[in-house]
Amino acid sequence: MTESPELQNDEIDLAELVRTVWDGRWLIALVTSLAIVAGGLFAFLAPQTLSGRLELRPITIGQTTQYDGLNALDFFNVERGRLLSLFTEDLITRESLVQAIRQYGTVEREPDETDLEYDIRLVEEAYQYQILPPTDPADTRNRDPRTNWVVEISSGEDRDTIRIILNEALQASQENVRQTLKEQFTRLVTIRKRANEFTLEDIGFKLDNLLDDYDKKVRNRVAFLEEQAEIARSLGIAKNTIETQTFQAGASVVANLTESQPFYLRGYEAIEKEIKLIQSREQKEAYIGELIELEAQARAIEQSQLIDRAIIAFDETPIVQGDFVAARYEVGAIEFESNIRKALILALALVGGGFVGILIVLLRSALTKRKSAQTV
């Protein structure tokens with residue numbers, strides 16, 4: 001008998017609560033509508049940041065065949081790894097991104113802003129495009145594995161503007177790579193030509209030195225022979241008087257000359273004959289052994305067609321002919337995500353506004369009842 005009044009009171013309280021909420025339905029609806037409007041204004045007017053990823057891949061093997069003729073000469077090799085490396089190096093500087101943002105972005109210069117301050121803001125916007133290298137596949141701790149270079153985008157620009165900025169920056173970087181390769185090739189040609197000139201100059205010096213050394217050796221030899229011939233004449237030694245020892249070695253006879261004996265013992269006839277032969281030489285180059293090797297080196301350099309052929313092969317590549325590609329990418333395939341989820345914001349505004357409206361109605365009802373009770 002004691003529990004039924006409590007149950008009856010609870011049912012009366014619940015009915016009263018529902019009636020109170022129902023009576024304040026218009027206030028609840030008003031508060032909910034205001035919350036939805038506020039949420040909608042925030043969702044559509046708040047600054048929006050878009051994020052996305054663009055993968056940078058090496059050129060295809062088929063595209064690399066356009067450089068086979070140049071690479072075969074082993075003078076200036078152009079490989080897809082080198083192209084991608086130069087491309088990412090240029091992109092990391094952010095210079096092409098800054099120029100693209102300056103031309104196509106919405107970062108406008110303030111009236112009282114200096115050139116330096118404006119450039120700093122452009123650079124800050126350019127660093128919203130992060131250029132990330134491939135990750136190590138063996139590193140299991142990496143939560144964001146990348147097999148290729150990736151451009152991670154986080155920008156307040158709209159989708160079309162981001163695509164335009166990124167496409168222009170990537171095109172500019174590709175053109176920078178093209179110019180870099182041209183400059184590197186031209187510099188290499190200049191260095192090789194200069195090195196050949198220096199080598200030929202050094203060979204010329206060596207040839208001159210060999211000829212000078214030969215003349216000195218001949219003069220010294222003739223002076224020595226003339227002295228020995230004069231001694232032989234004064235001693236009356238016309239024929240060779242140097243003793244030789246012979247001994248049998250199987251079927252052969254071996255002569256043993258005593259080299260310590262004076263040279264004039266050979267006789268002035270032989271000595272003067274040698275002097276005459278030396279002085280009658282017309283082509284002294286034939287008696288210099290190293291001369292032939294040096295002349296062969298100089299001739300090989302002068303007749304080499306490597307540099308000229310490399311220039312022809314280089315001019316036939318896409319670097320010069322056009323249609324140059326340093327890396328592959330698809331700007332149009334970027335999938336963007338917004339940091340502001342409009343549907344979720346509106347749903348939360350609906351639920352939150354309804355809850356706040358009900359709370360206001362209940363509080364108002366409670367205050368009204370309290371005032372009535374105090375009046376009585």
Side-chain angles (χ1 to χ4, degrees), residues 69-77 184-314:
L70 176 63
N71 294 338
L73 298 174
D74 198 21
F75 179 83
F76 184 84
N77 294 333
Q184 289 179 348
F185 180 79
T186 301
R187 186 163 54 251
L188 179 60
V189 168
T190 302
I191 292 173
R192 287 292 186 90
K193 286 183 176 180
R194 187 176 301 169
N196 289 343
E197 292 174 358
F198 290 159
T199 302
L200 290 174
E201 187 177 3
D202 292 341
I203 291 175
F205 291 147
K206 291 180 180 179
L207 292 174
D208 293 340
N209 292 336
L210 286 174
L211 294 174
D212 291 341
D213 292 343
Y214 173 80
D215 292 336
K216 292 178 182 179
K217 290 178 181 178
V218 167
R219 286 196 300 270
N220 294 338
R221 180 66 176 176
V222 170
F224 171 76
L225 292 175
E226 289 176 345
E227 181 184 74
Q228 296 298 311
E230 185 177 350
I231 295 173
R233 276 187 176 277
S234 64
L235 296 175
I237 303 173
K239 303 293 184 181
N240 184 13
T241 60
I242 297 177
E243 295 181 359
T244 62
Q245 297 176 352
T246 60
F247 58 90
Q248 193 76 20
S252 302
V253 177
V254 179
N256 182 23
L257 299 178
T258 305
E259 296 181 357
S260 61
Q261 294 181 352
F263 191 84
Y264 59 80
L265 294 179
R266 296 175 183 268
Y268 62 82
E269 292 182 354
I271 296 174
E272 289 176 349
K273 182 64 175 181
E274 184 177 351
I275 294 173
K276 184 177 181 180
L277 289 174
I278 292 175
Q279 292 177 338
S280 64
R281 292 175 181 175
E282 295 181 355
Q283 295 183 346
K284 56 185 177 181
E285 292 84 358
Y287 301 91
I288 305 175
E290 298 177 13
L291 202 65
I292 297 176
E293 182 180 351
L294 289 174
E295 289 178 342
Q297 293 178 9
R299 185 170 58 252
I301 293 174
E302 293 171 346
Q303 295 179 354
S304 175
Q305 300 296 314
L306 176 61
I307 295 178
D308 295 334
R309 290 169 181 169
I311 293 174
I312 294 173
F314 185 81

Between atom [atom1] of [X] and atom [atom2] of [Y], what is the distance when rounded to the nearest 0.5 Å?
X	Y	atom1	atom2	value
F198	K193	CZ	NZ	14.0 Å
K276	E272	NZ	CD	10.5 Å
E302	R299	CD	CZ	9.0 Å
I301	L306	CD1	CG	12.0 Å
I311	L70	CD1	CG	11.0 Å
D212	L207	CG	CG	11.0 Å

Please find the pair of heavy atoms, one from [X] and one from [Y], that lie closest to each other, and give the distance.
X	Y	answer
A313	L73	CB-CD1, 4.1 Å
L188	F75	CD2-O, 3.2 Å
N71	N77	OD1-CA, 3.1 Å
A232	G267	CB-C, 4.1 Å

Walk me through it: do R192 and F76 pass the test side chain to side chain contact (heavy atoms under 4.5 Å, CB included)? CA-CA 11 Å; R192 287 292 186 90; F76 184 84; over 6 Å; no
Please answer whether the main-chain N or O of A300 pairs with a side-chain N or O of S304 as donor and acceptor at a distance below 3.5 Å. no
Residues 218-230 side chain polar contacts: donor-acceptor under 3.5 Å, at least two apart:
from : atom 1 : to   : atom 2 : distance (Å)
N220 : ND2    : K216 : O      : 3.2
R221 : NE     : E274 : OE2    : 3.2
R221 : NH2    : E274 : OE2    : 2.9
Q228 : OE1    : Y264 : N      : 3.0

Under the side chain to side chain contact (heavy atoms under 4.5 Å, CB included) rule, what do L210 and E285 come out as? Steps first, then yes or no, please. CA-CA 9 Å; L210 286 174; E285 292 84 358; over 6 Å; no
Could you tell me whether the side chain of T241 reaches within less than 4.5 Å of the side chain of Q261, counting heavy atoms only? no
Decide yes or no for F263 and I271: does some side-chain heavy atom of the first lie under 4.5 Å from some side-chain heavy atom of the second?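 F263 reaches I271 side chain to side chain.
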Indicate every side-chain donor-acceptor pair of residues 286-298 with a distance under 3.5 Å to a residue at least two apart or in another chain.
none

